[in-house]
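A short write-up of the structure that comes next.
A note on names: the letters A, B, ... follow the listed sequences, proteins ahead of strands, and every chain is numbered from 1.
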2 protein chains.
Amino acid sequence: MLSKCKCKNIPKAKLAEIISGLPEKAIIDQLCEFFKVFGDSTRLKILYFLSCNEFCVADLSDLVGMQQSAVSHQLQTLRLHRLVKCRKEGTTTYYSLNDNHVQQIFGIALEHINEGFVK
Amino acid sequence: MLSKCKCKNIPKAKLAEIISGLPEKAIIDQLCEFFKVFGDSTRLKILYFLSCNEFCVADLSDLVGMQQSAVSHQLQTLRLHRLVKCRKEGTTTYYSLNDNHVQQIFGIALEHINEGFVK
DNA sequence: TGAATTAATGAACATATATTCATTAATAAG
DNA sequence: CTTATTAATGAATATATGTTCATTAATTCA
């Protein structure tokens with residue numbers, strides 16, 4: 001490990017500890033997928049609106065200004081990642097947030113963004 | 001707004017409030033970009049290692065098992081998003097975390113993932 | 001000055017992904 | 001039963017993005 005590198009200012013024991021502390025691939029992949037979900041403006045808008053109230057697909061379509069199909073596809077990925085849940089009433093499907101972490105995540109992200117203007 | 005929708009179970013006043021509360025495009029785009037940075041396994045690994053210690057590019061290249069160029073490109077994006085900072089010493093560049101939110105974000109994301117197994 | 005080392009950069013390529021279009025499924029209403 | 005409505009799905013396309021390869025820049029050392 002670290003064959004070519006000249007950075008020897010870290011004890012081997014600590015280095016081994018760091019390497020063994022790397023989360024296993026499955027965890028990293030899940031983290032990755034989780035963050036990817038937030039990395040799309042349409043999904044972010046949907047999540048914002050659902051953080052205010054439950055909405056049906058047609059509502060969300062209007063609100064985010066995107067076709068029904070596009071919104072439905074995005075809701076599917078949000079569902080698959082358990083960020084939203086839905087209940088059906090006749091032919092309409094009402095979506096709502098399923099994860100209390102969404103708000104926290106947004107808060108931290110906004111802090112980071114705001115710091116960009118301060119610095 | 002909400003022309004075709006039958007979901008009238010929300011007062012117009014509240015709806016207007018919700019719509020006006022939508023963060024402006026610039027903010028959403030920034031949020032989006034911020035989360036995209038975390039949506040890549042190579043970058044996640046880099047961030048993990050940098051959360052333990054500072055490392056030079058060659059180190060990180062070995063640690064994440066990826067070519068120097070790939071790591072350098074990813075470090076560039078991490079730098080552009082102010083998640084890492086660097087200091088130069090001769091020809092080597094040492095990178096370290098620049099954002100105290102990274103740990104928090106990871107924590108919340110891990111909570112979400114773990115809940116997936118409980119439910 | 002010239003060779004070696006480390007990192008950064010640019011172009012090309014391959015893959016991933018968001019959107020659109022068209023269709024289907026499911027339910028409600030006439 | 002037929003039509004209308006709402007949402008979900010699949011295929012196709014266009015765009016975005018990560019990695020590699022090749023090169024360049026900057027610094028150190030002989």
Please state how far atom OH in A/Tyr94 lies from atom P in D/dT5, giving the value in whole angstrom units. 16 Å
Which residues pass the salt bridge (charged side-chain N to carboxylate O under 4.0 Å, His left out) test with B/Lys25, sequence neighbours left out? B/Asp29
Can you measure B/Phe55 atom CZ to C/dA7 atom P for me and round it to whole angstrom units? 13 Å
I need the B/Ile108 CD1 to A/Ile108 CD1 distance, nearest 0.5 Å. 3.5 Å
Please list, chain by chain and in numerical order, all residues satisfying side-chain hydrogen bond (donor to acceptor under 3.5 Å, both in side chains) with B/Tyr95, sequence neighbours excluded. B/Arg79
Rounded to whole Å, how long is the line connecting atom CG of A/Asp62 with atom P of D/dT6? 11 Å
Residues two or more places apart in sequence or in another chain: which of them pass ring-ring contact (aromatic ring centres under 6.0 Å, His included) with A/Phe49? none
List the protein contact pattern of nucleotides 19-30 of chain C with one symbol per nucleotide (5' to 3'): B for base contact, S for sugar-phosphate-only contact, - for none; contact means a heavy-atom distance under 4.0 Å. SBBB----BS--
According to a strict under-4.0 Å criterion, is A/Tyr95 in side-chain N/O contact with OP1 or OP2 of D/dA8? yes
Set of residues satisfying side-chain hydrogen bond (donor to acceptor under 3.5 Å, both in side chains) with respect to A/Glu111, sequence neighbours excluded: B/His101
For B/Ser96, all residues meeting side chain to side chain contact (heavy atoms under 4.5 Å, CB included), sequence neighbours excluded: B/Glu54, B/Lys85
Rounded to whole Å, how long is the line connecting atom CZ of B/Arg87 with atom P of D/dT27? 16 Å
Using ring-ring contact (aromatic ring centres under 6.0 Å, His included) as the criterion, list what pairs up with B/Phe35, not counting sequence neighbours. A/Phe38
For B/Glu89, side-chain hydrogen bond (donor to acceptor under 3.5 Å, both in side chains) partners two or more places apart: B/Arg87
For A/Lys36, salt bridge (charged side-chain N to carboxylate O under 4.0 Å, His left out) partners two or more places apart: A/Glu33
Would you jot down, in residue-number order, the residues of residues 44-54 of chain A having a non-hydrogen atom under 4.0 Å from DNA chain D? none
Nearest-Å distance, CG (B/Leu75) to P (C/dT9)? 11 Å
Using the 3.5 Å cut-off, write out each protein N or O paired with an N or O of nucleotides 13-16 of chain C and the distance between them.
none

Return the set of residues passing side-chain hydrogen bond (donor to acceptor under 3.5 Å, both in side chains) with A/Lys14 (not counting sequence neighbours), or none when no residue passes. B/Asn53
Interatomic distance where CZ belongs to A/Phe35 and C1' belongs to D/dT17 [whole Å]: 19 Å
Return the value, rounded to whole Å, for the distance between atom CD of B/Gln76 and atom C1' of D/dG18. 13 Å
Is the shortest side-chain heavy-atom distance between B/Leu63 and B/Tyr48 below 4.5 Å? no
